[in-house]
Amino acid sequence: MTTEIFLGTELKLNINIEPMGEFTMDDYDWLVDVYCSTKRVLTISKSSAIKIDSNNYVLLVDTEELGAGDVKCKITAYIPDLDFPDTLRTEVSMIDTGINVIKTI
């Protein structure tokens, strides 16, 4: 189901990542690229998000910064993993929020 909102609306997007082994969102760094078009991407880091609990953070997004279109999120998480040379395993996930930003006249 798609929700239509008007350009200029400010959104609160809840990002939830279930624990990966013993690690919750609190235990590693992550960032989220929010966009409607790859021409206008808003990157939000963990430090800029509002913590709800160890598995949920809220992102504040002004759609004026995104433009019109379907709101998508690319989440990049850096999970501690000693098997990798930099001791981090990069995990990437994509979310289609089901939100469509439309222009007003």
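All values reported here derive from a predicted model rather than from experimental measurement.
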Rounded to the nearest 0.5 Å, what's the gap from [atom1] on [X] to [atom2] on [Y]? Could you check?
| X | Y | atom1 | atom2 | value |
| --- | --- | --- | --- | --- |
| Arg89 | Asp83 | CZ | CG | 9.0 Å |
| Ile17 | Ser93 | CD1 | OG | 6.5 Å |
| Ser37 | Leu66 | OG | CG | 10.0 Å |

Can you list the steps and then say if Asp33 with Leu42 is a side chain to side chain contact (heavy atoms under 4.5 Å, CB included)? CA-CA 6 Å; Asp33 293 321; Leu42 178 60; over 6 Å; no
[X]: what forms a side chain to side chain donor-acceptor pair (under 3.5 Å) with it, not counting sequence neighbours?
| X | answer |
| --- | --- |
| Glu65 | none |
| Asp70 | none |
| Arg40 | none |

Taking ring-ring contact (aromatic ring centres under 6.0 Å, His included) as the cut-off, I'd like each qualifying pair that reaches into residues 79-105, sequence neighbours left out, listed once.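 Residue pairs passing ring-ring contact (aromatic ring centres under 6.0 Å, His included), neighbours aside: none found.
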Which residues share a side chain to side chain contact (heavy atoms under 4.5 Å, CB included) with [X], sequence neighbours left out:
| X | value |
| --- | --- |
| Glu10 | Asp62 |
| Asn16 | Asn14, Glu18, Asn55, Asn56 |
| Asp26 | Thr24, Lys51, Ser54, Tyr57 |

Taking the side chain as every heavy atom from C-beta outward, state whether [X] and [Y] have any pair of such atoms under 4.5 Å apart.
| X | Y | value |
| --- | --- | --- |
| Val32 | Thr43 | no |
| Glu22 | Asp27 | no |
| Leu11 | Ile5 | yes |
| Ile44 | Val61 | yes |
| Met20 | Tyr28 | yes |

Linked, directly or transitively: Met94 and Ile15 (ILVMFWY side chains, under 4.5 Å):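 Different clusters: Met94 never reaches Ile15 through Ile, Leu, Val, Met, Phe, Trp or Tyr contacts under 4.5 Å.
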Co-members of [X] in a cluster of I, L, V, M, F, W and Y side chains, linked at under 4.5 Å:
| X | answer |
| --- | --- |
| Leu31 | Tyr78, Leu88 |
| Leu60 | Ile50, Ile52, Val58 |
| Phe6 | Ile102 |

Is there a side chain to side chain contact (heavy atoms under 4.5 Å, CB included) between Cys73 and Thr97 once you walk through the steps? CA-CA 7 Å; Cys73 296; Thr97 65; 3.9 Å; yes
Ignoring hydrogens, what is the shortest heavy-atom contact between [X] and [Y]? Give both atom names and the distance.
| X | Y | answer |
| --- | --- | --- |
| Val101 | Gly67 | CG1-O, 3.5 Å |
| Ala68 | Lys103 | CB-CG, 3.9 Å |
| Leu59 | Ala49 | CD2-CB, 3.7 Å |

So, using ring pair (Phe, Tyr, Trp, His ring centres under 6.0 Å) as the criterion, who are the partners of Tyr35 when residues are at least two apart?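 With sequence neighbours excluded, Tyr35 shows a ring pair (Phe, Tyr, Trp, His ring centres under 6.0 Å) to no residue whatsoever.
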Go through it in stages, so that I can follow the logic: the residues are Trp30 and Thr76, the test is side chain to side chain contact (heavy atoms under 4.5 Å, CB included), and I'd like the CA-CA distance, side-chain angles, deciding distance and then a yes or no. CA-CA 6 Å; Trp30 50 266; Thr76 306; over 6 Å; no
Steps toward side chain to side chain contact (heavy atoms under 4.5 Å, CB included) verdict (Val92, Ile75): CA-CA 6 Å; Val92 178; Ile75 303 170; over 6 Å; no
Answer yes or no: is there a donor N or O on one side and an acceptor on the other, between the side chain of Lys72 and the main chain of Gly98, under 3.5 Å?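 Not a single qualifying donor-acceptor pair exists.
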Please check this pair: side chain of Thr3 against backbone of Ile99, looking for a donor-acceptor N/O pair closer than 3.5 Å.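 No: the side chain of Thr3 does not pair with the backbone of Ile99.
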According to salt bridge (Lys or Arg N to Asp or Glu O under 4.0 Å), who are the partners of Lys74, at least two apart in sequence or on a separate chain?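 With neighbours one apart ignored, the set is empty.
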